[in-house]
Amino acid sequence: METNIETKIKLLPQALANKIAAGEVVSRPESVVKELMENAIDAGADNITLLIKEAGKTLIQVIDNGGGMSEEDALMSFQRHSTSKIKDYEDLENIMTLGFRGEALASICSISQVEMKTRRPEDEVGVCIKIDGNEFKDVSKVNCDKGTSIAVKNLFYNTPGRRNFLKSNQTEFRHIYETFVKSAISHPEIRFEFYNNDELIFSLKPGGLKERLAEVFTVQFTDSLIEVSAENSHIKVTGYISKPNFTKKAKQDQYFYINNRCFFSKALNYSVYTGYDDLIDKGDYPSFFIFIELDPKKVDVNVHPSKLEVKFEDERPIFGFIHNAVKEGLRKADLVFSVGFGKEGTAEDQDMAFLNPDRKNKVSNFNNSFKREAAENFTDEIKREPIKLDRQFYKEEIQQEKSANIYSIFDAVKKDDDAENEETSDINKLPHNTFEHKRSDESRFNVWQFQNKYVLCQTETGLIIIDQHAAHERILYEKAVLWLESQSPFSQQLLIPLYVSFTKIDFEIFKSLQNEIQYLGFNFNLIKNESIELTGVPSDIKHGKEEKILQELIDQFKEYEMSLKLEKRDNLAKSYGCRSAIKAGDSLKYAEMIQLIDDLFACKMPYVCPHGRPTIIRITTDELDKRFSRT
């Protein structure tokens with residue numbers, strides 16, 4: 001007697017399996033660019049062109065002059081797990097090519113419309129293959145140049161759910177840009193071209209690594225690099241690191257390559273940071289381009305489909321080797337920088353603070369995430385016992401300072417010290433950590449600065465401590481929001497225009513934000529070669545810091561966009577506040593501290609910075625009495 005049992009487990013159709021597998025290989029247009037460019041490099045091409053339209057959503061095309069393929073190989077290349085890179089397990093342990101799994105083309109053609117043209121040097125004609133969602137539509141002979149051209153059109157057209165998860169064109173373009181740069185840096189001997197919507201972004205000539213870096217970034221950036229080189233019988237490390245005074249406030253322009261394959265490693269990043277030792281402050285990040293040559297058997301590159309993660313047989317000696325290479329490179333480098341003179345004839349230090357062992361930490365390292373619940377609890381606590389300043393004395397002080405023509409830190413133009421009255425000048429000579437202060441015997445309202453980081457202020461019920469960076473950041477953030485909403489900022493015109501150069505990607509971001517940046521108070525003209533002519537800046541920007549703050553504004557905007565995914569204007573306002581605010585280590589005059597307090601309490605939310613970190617801590621007299629066991 002036979003029993004018919006219906007099985008529940010079935011083999012998926014190949015087309016459906018390819019679409020599911022494509023999710024691991026192709027997550028966005030950048031993934032397609034990466035796979036196609038790696039294939040072009042592996043094919044031995046010395047000339048590679050990338051063309052995209054609508055950030056790769058409409059078209060991604062890679063053209064190379066490599067070895068090309070026969071018709072049989074071209075048809076086989078679209079089958080899953082078909083590859084010319086490896087044949088057995090021994091080959092897998094000795095991977096030196098960028099691709100090897102044989103999954104990329106099968107995954108790409110399952111979610112797009114693909115057209116491939118390819119010809120070997122020995123063939124008179126080439127072959128053209130057209131595929132629509134894993135279905136072969138046409139195979140024909142065609143006249144074409146030596147090499148391979150693959151055009152990927154309408155990505156995710158048959159999986160609309162996946163297409164809906166793609167970000168804005170600007171975000172997707174940035175990912176493609178970064179992937180292109182990674183490949184271009186790792187192979188400076190190859191000529192690369194990059195077109196976006198028929199606009200030429202890059203035309204990179206073959207040459208050495210430093211020449212390639214100068215083309216991709218800027219000559220000024222390349223001039224700030226230090227060469228590192230070290231090797232033994234097991235490992236070789238070469239590349240460049242930035243000088244200590246050219247660090248950034250975000251982890252950008254940091255590239256590791258293992259056997260010319262770009263990868264990411266937090267541990268090795270830290271080895272570079274420790275190599276700088278005390279030459280950089282906490283929160284400052286150097287740029288680096290480090291190439292590691294290692295026996296492929298000592299590293300596993302088959303860890304993740306994106307191939308951005310690798311696993312070393314033993315990471316500790318590599319960590320130490322890179323650390324020592326960075327340290328030795330810095331030791332040999334010339335770290336003495338020129339000192340210029342400002343308009344008033346005073347020396348202006350060109351970022352030599354890192355050479356001073358007594359320097360103060362100029363970076364405020366705060367949490368990027370907005371701790372809303374903690375902020376609300378802290379705000380409620382403050383509101384239960386509001387801070388009461390001696391307003392009458394406060395008004396008298398402000399009036400006296402104004403009459404002495406002392407300008408605050410928020411004014412673009414500073415008056416000379418001799419414009420201050422004698423009493424204020426004497427006060428500024430006092431040590432910052434002293435408890436003596438002007439009129440301390442005449443009023444309860446005293447203000448002083450502690451360790452060039454905190455502003456202490458006496459109140460009717462005790463003492464408040466203000467974090468000067470967080471407070472100024474809150475003030476500037478609310479100003480920026482107001483300017484962006486009203487579109488009527490105040491700009492301080494520069495007597496002599498400044499010319500600021502950007503990398504290509506930063507210039508694209510700048511152009512996309514140019515209206516909002518103008519609303520903040522920056523006046524500028526776009527000029528050629530990814531540069532601007534800066535003619536005016538917000539009144540909060542200190543003289544001599546205009547170019548640096550503008551670049552840091554763009555860097556911070558990129559970091560927030562990637563980590564916090566803020567709305568554009570809120571992101572820009574937070575970035576402006578963060579990068580333009582006074583820092584820990586900045587010495588403030590009495591009038592500047594008074595102005596800081598006044599502006600802070602005029603804010604809508606004075607108790608936290610835009611990221612949720614407290615700006616004020618209160619210590620009551622009752623608490624102090626309790627600590628000293630006073631009855």
Side-chain angles (χ1 to χ4, degrees), residues 364-395 397-398 401 408-411 444-450 452-486 489-490 520 538-540 566 569-584 586 588-621 623:
S364 179
N365 186 21
F366 51 79
N367 190 355
N368 279 339
S369 60
F370 185 79
K371 301 176 181 177
R372 188 175 302 277
E373 182 177 354
E376 290 175 351
N377 292 340
F378 181 76
T379 304
D380 291 341
E381 179 184 349
I382 292 291
K383 287 182 177 179
R384 283 196 295 271
E385 292 186 38
I387 297 170
K388 298 178 180 179
L389 305 178
D390 188 338
R391 304 308 298 176
Q392 183 58 37
F393 172 74
Y394 178 68
K395 291 178 181 178
E397 289 292 329
I398 291 294
E401 296 290 357
S408 73
I409 53 177
F410 310 111
D411 292 325
R444 294 169 294 166
F445 188 77
N446 297 321
V447 179
W448 65 96
Q449 190 180 26
F450 179 68
N452 287 352
K453 188 184 298 185
Y454 301 105
V455 175
L456 280 64
C457 176
Q458 179 178 322
T459 68
E460 293 181 0
T461 59
L463 179 72
I464 61 170
I465 304 173
I466 299 174
D467 184 322
Q468 64 188 39
H469 173 78
H472 196 200
E473 191 176 6
R474 162 55 64 177
I475 294 165
L476 294 182
Y477 168 72
E478 294 201 5
K479 276 188 178 182
V481 170
L482 181 63
W483 291 337
L484 290 171
E485 289 177 351
S486 65
F490 173 75
L520 288 178
S539 58
D540 304 298
L566 302 171
R569 289 196 171 187
D570 189 47
N571 183 344
L572 194 61
K574 282 185 169 68
S575 301
Y576 175 74
C578 180
R579 292 307 169 204
S580 303
I582 55 177
K583 304 294 189 294
D586 289 348
L588 303 182
K589 298 176 183 178
Y590 179 71
E592 294 171 342
M593 290 186 282
I594 292 293
Q595 188 69 53
L596 182 71
I597 296 170
D598 189 42
D599 288 349
L600 178 62
F601 283 102
C603 291
K604 295 178 180 179
M605 173 56 71
Y607 307 108
V608 290
C609 79
H611 310 88
R613 197 164 61 88
T615 59
I616 306 167
I617 293 176
R618 181 187 65 253
I619 303 176
T620 65
T621 304
E623 176 65 22

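Excluded from the calculations below are hydrogen atoms, water molecules and symmetry mates; all remaining heavy atoms, backbone and side chain alike, are included.
Nearest approach of F601 to P606, heavy atoms of both residues: CA-CB, 4.3 Å. Taking all atoms of both residues into account, the shortest heavy-atom contact from P610 to K574 is O-CE, 3.3 Å. Across all their heavy atoms, K453 and A584 have their closest contact at CG-CB, 3.8 Å. Across all their heavy atoms, L596 and A471 have their closest contact at CD1-CB, 4.4 Å. Taking both residues in full, the closest heavy atoms of V481 and A573 are given as CG2-CB, 3.8 Å, listed atom of the first, atom of the second, then distance. In this structure, W448 and L463 approach most closely via the heavy-atom pair CH2-CD1, 4.1 Å.
With values rounded to the nearest 0.5 angstrom, K479 atom NZ is found 10.5 Å from S580 atom OG. With rounding to the nearest 0.5 angstrom, the CD atom of Q468 is 12.0 Å from the CZ atom of F450. For the atom pair CG of L484 and CG of L520, the computed distance is 5.0 Å after rounding to the nearest 0.5 Å. Taking CG of D599 as the start and NE2 of H472 as the end, the distance is 7.5 Å to the nearest 0.5 Å. Note that CD of Q449 is 12.5 Å distant from NZ of K589, once rounded to the nearest 0.5 Å. For the atom pair CG (L588) and CE (M593), the distance works out to 6.5 Å, reported to the nearest 0.5 Å.
In terms of modelled atom types and a separation under 3.5 Å, the side chain of R618 and the main chain of I464 share no donor-acceptor contact. A donor-acceptor pair under 3.5 Å links the side-chain atoms of R474 to the main chain of M605, judged by distance alone. Without hydrogens or angle criteria, T615 side chain to C609 main chain gives no donor-acceptor distance under 3.5 Å.
Residues Y454 and I617 form no side-chain contact, since every pair of their non-hydrogen atoms from C-beta on lies 4.5 Å or further apart. Looking at L600 and Y607, their side chains never come closer than 4.5 Å, going by heavy atoms from C-beta outward.
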For this session: Give the intermediate values and the outcome of salt bridge (Lys or Arg N to Asp or Glu O under 4.0 Å) for residues D467 and R613.
Result: CA-CA 10 Å; D467 184 322; R613 197 164 61 88; 2.8 Å; yes
